[in-house]
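These notes concern the structure reproduced below.
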Amino acid sequence: MDKANEGKDQLIIIEEKISKVNGEMAVKKYLRGKLLGKGGFAKCYEVTNLETKKIIAAKIIPKQTLTKNRARQKLISEIKIHKSLNHQHVVAFEHVFEDHENVYILLELCTNHTLNELIKRRKRLTELEVQCYVVQIVNALKYLHSHKVIHRDLKLGNLFLNEKMEIKLGDFGLATKLEFDGEKKHTICGTPNYIAPEILDGKTGHSYQVDIWSLGVIIYTLLIGKPPFETPDVKTTYKKIRNISYGFPENVPISDQARGLITRILNIDPQRRPTLDEIMSSSFLNTGGTIPKVLPLATLACPPSASYTKQFLPQGNALKLNQAPMRLTDSASQSTTNIKGKNASTSNLYSKQTTTGAVPDASRPLGGTTSNWNQVSSQKDQRPQTQQFQKSDFKTSMSTKNMGSGSQNPLFNQTNAPGLATAQSLNTFTKTKNNFNSTQKGFMQTGTQNFGKPVQPVWVTQWVDYSAKYGLGYLLSNGCSGVFFNDSTKVILDPTTNNIEYIERLGNERQDFVQQFTLKDYPPEMKKKVTLLSHFKSYLEEQMQKQNIQIEVPQFQGDLQPYVYVKKWMKTKHAIMFRLSNKIVQVSFQDKTEILLSSENKMVTYVDRKGTRTDYPLSTALESSNTEMSKRLKYTKDILTHMLNNNTTNNNNGRGSMTNVNPTQNGTEKENYN
Ligand SMILES: Nc1ncnc2c1ncn2[C@@H]1O[C@H](COP(=O)(O)OP(=O)(O)OP(=O)(O)O)[C@@H](O)[C@H]1O
């Protein structure tokens, strides 16, 4: 280390001196960055190779800690084993060198810490998350064991997460390499909570199965929130391990499959523990759905949302292997651009097949594509006015630009800003606030008792059509805000957790793929969309304030219910129509009447011109003597029919205008719907 710089926190240069064959000396320089963590012997820093600019992790071991032969041998063994490994789920060993004071081990940088920090933050994980991590850990172990390496210190603190949220197994300080498969090791080593009983016993020796035991402890800890044998005192912990004395707390729900797997792994007899292949084909990892290959960054802070999780459930919503999306985080590092191209086939998921043995090559990079938005925006960005997106630009554009059909339509001139429409339901809502609760209750109750599953009564309260440039921004009655972008991707923001969901269609898939981020932490590719979302949100909220509209947002339960978002929208001469992900179709007419149609509950909510809301079962609504409502229902049906036809012939990316479509073709008098 450069003595002159030592102690000055800002600029510490580490020099690696390399003797060349011709006797000359070359120097490689590394800039020491922030401290990543401290271990028993080592401190680990972020360092930048000043030549290549590559940022890596440097484990720095002071030579004074290596005076004892045992410590030296341990380090030599760690380096020798780690250096020989090369696998997607093992921390990559870059290089090792030394100077007078230290040994420097350069490693792949894992920016998202370890599962230890994760579990401290999150308390425990969902089963989908644990499945995702277990598949990766098992892959790493299969690789290690096939190279006759036993890790022997498998624990949450040695399972790192890189910036893509991939698992990287690290710290080979206690690892050992067998000479032959039947060989038994006798060294007593490990970390108390994770140590296998045969290591403690010390009589028979131990082998690969000690890693499987530790994996069982890891699965338990991730799902339950604390290690199975944890006690305040090590001796008692060891006693509990020897007696396999642990239980499943009643207050923590756990599936039979997870419990079954843990119980089979935590077997005193190493030979009776499942093998890695058996774990891969266990029912815990083969639920009939799929397992994500990596998890959203947002799961570092909070559980994946219900809508994210839903995609992986067995009920058929799961994406098929090879049709999986890339994670946005990858697009920065990958230049591939076409989702329909060959590279799009790289999977982001482990499908059922893969977990039963045919695991896709884990070393393949994740599928790469730049989102459509990037393509669209980069074209648009060539225009000077959009090169630098400014809030002021947004505002000016909003209030001065021609907003397409909306601006020519009185419905969209209800407020000062052309293109901004105040949803009637919002006015209605404020006028009849007490009504809301009773309506909501009625809606849910009727839904439950007579019409199948209850549907979240969430609707669009405020919107702005800025599709001339970016898309449709909207606020929902549950407090969320969202944007339906012109490239058909959607973002939705939950104000209570600051979670963002990014929703896109992939290739020819007929379902939405959801990715979760937070307002604080999202891929750089999403910056423009997130900025637009927040501008849309504040613009709409400002408009609400100006009009003195107040809305009491019901407590939002984002984690329990899938986020509701606009899946499709369409403007006609008389109305704007939203198809929401909660299976509600909302048609807001120019004269402030509104239809909310729940196909799932077979219910209709009608909001009349005075803002009174009434719920009807669909069958009754169709026969109703309320002609005002019947006509609007018919109009709604015509729009839906049009949309359906439009979809089958020409997918308009979920957005459309029906200004040129005359509903009279379907038997409705065009101008006379009221
Ligand atoms: N590749 C890496 N990327 C990011 N941080 C790392 C990396 N490797 C280690 N760290 C950080 O440095 C800390 C110390 O590293 P490590 O545990 O390997 O040192 P050690 O002295 O071998 O520790 P132990 O006492 O557990 O054997 C880790 O807890 C972690 O916070």
Side-chain angles (χ1 to χ4, degrees), residues 12 14 30-49 54-68 70-98 101-121 136-137 140 144 149-176 187-195 199 210-211 214 217-218 221 227 234 294 297 300:
I12 292 180
I14 300 166
Y30 302 88
L31 176 65
R32 199 181 87 180
K34 68 173 179 201
L35 179 70
L36 293 166
K38 284 183 196 174
F41 300 100
K43 276 186 184 169
C44 193
Y45 290 92
E46 207 175 271
V47 298
T48 310
N49 180 328
K54 189 173 172 186
I55 303 173
I56 41 180
K59 209 166 147 175
I60 305 178
I61 306 120
K63 283 190 168 170
Q64 69 205 31
T65 63
L66 301 171
T67 46
K68 285 193 186 141
R70 212 169 144 230
R72 249 194 334 272
Q73 287 312 318
K74 184 177 169 278
L75 183 65
I76 291 167
S77 156
E78 174 178 352
I79 292 169
K80 193 174 164 204
I81 291 176
H82 198 168
K83 212 176 171 179
S84 71
L85 303 172
N86 177 18
H87 185 266
Q88 189 196 2
H89 294 300
V90 172
V91 174
F93 187 98
E94 298 265 335
H95 185 47
V96 59
F97 65 92
E98 61 186 305
E101 290 164 59
N102 304 308
V103 175
Y104 302 87
I105 301 177
L106 304 186
L107 301 166
E108 170 186 10
L109 177 66
C110 297
T111 49
N112 284 317
H113 307 284
T114 70
L115 293 189
N116 204 20
E117 283 81 34
L118 177 68
I119 209 71
K120 277 188 190 148
R121 216 176 301 121
Q136 297 176 67
I137 301 167
L144 251 56
V149 173
I150 316 175
H151 188 280
R152 299 200 297 189
D153 200 15
L154 198 61
K155 58 181 178 181
L156 298 187
N158 286 334
L159 290 161
F160 294 87
L161 287 168
N162 72 357
E163 85 289 355
K164 291 184 194 165
M165 291 292 282
E166 291 169 311
I167 281 281
K168 300 279 171 170
L169 175 56
D171 196 353
F172 289 83
L174 297 181
T176 186
T187 318
I188 296 186
C189 59
T191 300
N193 272 320
Y194 297 82
I195 210 163
I199 299 183
V210 297
D211 285 344
S214 305
V217 175
I218 286 169
T221 311
V234 181
V294 283
L297 268 177
L300 287 174

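Every number for a ligand or one of its atoms is a count from 1 in the order of the listing.
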Ligand 1 versus Ala42: contacting region, heavy-atom distance under 4.0 Å: both
Leu36 and ligand 1 - part of the residue with a heavy-atom distance under 4.0 Å: both
Which of the numbered atoms in ligand 1 are below 4.0 angstrom from a heavy atom of [X]?
X      : answer
Glu108 : 1 (N), 2 (C), 3 (N)
Phe41  : 21 (O)
Lys38  : 13 (C), 14 (C)
Ala57  : 1 (N), 2 (C), 3 (N)
Gly39  : 14 (C), 19 (O), 20 (P), 21 (O), 23 (O), 25 (O)

Lys59 and Glu78 ion-paired at < 4.0 Å: yes
Salt bridge flag under 4.0 Å for residues Glu46 and Arg32: no
Ring geometry between Phe97 and Tyr30 (parallel below 30°, tilted from 30 to 60°, perpendicular above 60°): parallel
Residues Leu115, Leu161; criterion side-chain contact (heavy atoms from CB on, under 4.5 Å); working and verdict: CA-CA 7 Å; Leu115 293 189; Leu161 287 168; 4.0 Å; yes
From the candidates Lys59, His113, Lys43, the one that places a heavy atom nearest atom 18 (O) of ligand 1: Lys59
Proximity winner for atom 21 (O) of ligand 1, if only heavy atoms of Cys44, Gly37, Gly40 are counted: Gly40
Distance-only polar pair, side chains of Thr191 and Asp153, donor-acceptor under 3.5 Å: yes
Output field: ring centroids His113/Phe160 closer than 6.0 Å: no
Leu174 and Ile150, any side-chain heavy atoms less than 4.5 Å apart: no
Protein heavy atom at shortest distance from atom 30 (C) of ligand 1: Phe160 CE2, 3.8 Å
For atom 17 (O) of ligand 1, the protein heavy atom that lies nearest, with its residue and separation: Asp171 OD2, 3.7 Å
Min N/O separation Cys110 to ligand 1 under 3.5 Å: yes
Ligand 1 to Asn158 polar contact by distance, N or O atoms, under 3.5 Å: no
Which pairs of donor and acceptor atoms, one on a side chain in residues 60-67, lie under 3.5 Å apart (sequence neighbours left out)?
{"from": "Lys63", "atom 1": "NZ", "to": "Glu98", "atom 2": "OE1", "distance (Å)": "2.6"}
{"from": "Lys63", "atom 1": "NZ", "to": "Asp99", "atom 2": "O", "distance (Å)": "2.7"}
{"from": "Thr65", "atom 1": "OG1", "to": "Pro62", "atom 2": "O", "distance (Å)": "2.6"}

Distance in Å, His95 NE2 paired with Lys83 NZ, rounded so as to fall on 0.5 Å steps: 8.5 Å
